[in-house]
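Written below as structure tokens is the structure these notes are about.
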Protein chains: 2
Amino acid sequence: MNVMNESPRRKELIRLAAQLFVQEGFDRTTVRMLAQEMGIKSGSLFHHFKDKQEILAAVIEEGTQNALIIAHQSIEQYPAEPEARLRAMARAHLETLFADRNAHVVALFEWRRLDPAASAHLSHLRDAYEALWVEVIDDALQAGLIHGDRFLVSRFILGALNWTVRWYDPNGPRTPDDLADELVGMIMAR
Amino acid sequence: MNVMNESPRRKELIRLAAQLFVQEGFDRTTVRMLAQEMGIKSGSLFHHFKDKQEILAAVIEEGTQNALIIAHQSIEQYPAEPEARLRAMARAHLETLFADRNAHVVALFEWRRLDPAASAHLSHLRDAYEALWVEVIDDALQAGLIHGDRFLVSRFILGALNWTVRWYDPNGPRTPDDLADELVGMIMAR
DNA sequence: CATTCACACTAGCGCTTGCTTGGTTACTCA
DNA sequence: TGAGTAACCAAGCAAGCGCTAGTGTGAATG
């Protein structure tokens, strides 16, 4: 087994697993299906991962790491412009959501399948990401751009954004940036 | 087997199944777990339902039927007041969502486990419900209460509302009506 | 040249799954 | 009273599950 390995091979396997988890759901995806998709036999799978759980954790970790990095990069461009920060954060959210769609769908809808240990570890990553949001929203509230309870507002915005994976068609006429701008426009006081 | 049966017994079994599906997820809920929760043996379960799939369909059907009825009752009280209609619709949505929480969580997150036949049948129910929303939102747009693309606005609102099942605590200080009012306040032009 | 290593294979164990079968009990109603 | 039926049970089958043990191979390392 290959515990802490960041090889390209492992990354590719994780990508394939994410795709299958989205298609079938974690529980219905068997190790034999995973192996076939990866072009190996089911036994060989356990050379790369300790067990099926570890594959799930790896998928979710990758997605969340990427989201954090991109969000950071996006808002640090505008240290003192609340509206630009809000817009950049929403854009970054949708950008990662659809660039890395499979991993994020797994993170959003299969989180509960994580065992407690993995869940605890990954919760920190997610909390760090949500803290970024709360920060940006606090700025926007203080600047009078939006109004309402900071807790509820951030939950509503994240809900609206996350739910897009259920209906948004990347091949349609609208870009993720269009969506982000529309949402920001919808909630901003004029 | 007991195909089209609306007996109280069946209703109770469906309620118990919904609870387990939420706790464990559909795939991880075994027929033996269901039977034990129902106080019968696993074989007896198939006297009430053709197969496991039928239980899932029954759970989702119940929840969606209720939502439709309550939404109808709520908005027909205000035939010509766009703001009241919007608020009533949001309140009704959250009211059913938490009154009938288990069934709705299953409907939202286990829909994809339905086989194609059941999915086709239930899609009509869901579409009827969403049509109500589009109607109410069109009225609000025309009245100038909110602004934006009708399609996107309704998706964002439904996303924000549905996502509440992931974070809202019914034992906390806020009522579902508080949430609905806060959301409407957040998006309404002033 | 000998050893080690990553990576893959074959074979299958022990267990759980959804569902079936054949029969029993309790109740309703002519 | 006795026929019909809804509701249940005990037993188990066939298939599929995650995972393990033991082995082979070709490339890198000493």
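Convention: sequence-line order gives letters A, B, ...; per-chain numbering from 1.
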Side-chain N,O (K52(A)) to OP1/OP2 (dG18(D)) below 4.0 Å: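 True: K52(A) side-chain N/O within range (under 4.0 Å) of dG18(D) OP1/OP2.
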
H47(B) side-chain N/O to dC9(D) phosphate OP1/OP2 under 4.0 Å: no

Between the protein and nucleotides 21-29 of chain C, list the N/O to N/O atom pairs that are separated by less than 3.5 angstrom.
none

Spacing of CD1 belonging to I137(B) relative to CZ belonging to R155(B), to within rounding of 0.5 Å: 10.5 Å

K52(B) to F46(B) six-membered ring, cation-pi geometry met (6.0 Å, 45°): no

Cationic tip of R28(A) above F21(A) ring, under 6.0 Å, 45° of axis: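 No, a cation-pi geometry is absent between R28(A) and F21(A).
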
Any donor-acceptor pair under 3.5 Å from T64(B) side chain to I60(B) backbone: yes

d([atom1], [X]; [atom2], [N]) in whole Å:
X: K41(A); N: dC19(D); atom1: NZ; atom2: C1'; answer: 17 Å
X: L45(A); N: dG18(D); atom1: CG; atom2: C1'; answer: 11 Å
X: I40(B); N: dA6(D); atom1: CD1; atom2: P; answer: 16 Å
X: Q53(A); N: dG18(D); atom1: CD; atom2: C1'; answer: 12 Å
X: D51(A); N: dG18(D); atom1: CG; atom2: P; answer: 11 Å
X: R9(A); N: dC7(C); atom1: CZ; atom2: P; answer: 8 Å
X: F46(A); N: dG18(D); atom1: CZ; atom2: P; answer: 7 Å
X: E54(A); N: dC19(D); atom1: CD; atom2: P; answer: 11 Å

Salt bridge (charged side-chain N to carboxylate O under 4.0 Å, His left out) contacts in which one or both residues fall within residues 128-143 of chain B, not counting sequence neighbours: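 For residues 128-143 of chain B: R85(B)-E135(B), R85(B)-D139(B), D138(B)-R150(B).
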
Ring centers of Y168(B), W163(B) separated by less than 6.0 Å: no

Check: H93(A) ring centroid to Y129(A) ring centroid under 6.0 Å: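 Yes, close enough.
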
Heavy-atom neighbours of Q36(B) CD exceed 12 at 6.0 Å: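 Not buried by this count: 12 neighbours or fewer within 6.0 Å.
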
Polar side chain donor-acceptor pair, H104(A) to N162(A), under 3.5 angstrom: no

Interface residues of residues 20-38 of chain A with DNA chain D (non-hydrogen, below 4.0 angstrom):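 T29(A), T30(A), V31(A), R32(A) - these, ordered by number, are the residues of the stretch whose heavy atoms sit under 4.0 Å from the strand.
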
Contact nearer the 5' end of DNA chain D, comparing S42(B) with L13(B):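 Its nucleotide being nearer the 5' end, the pick is L13(B).
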
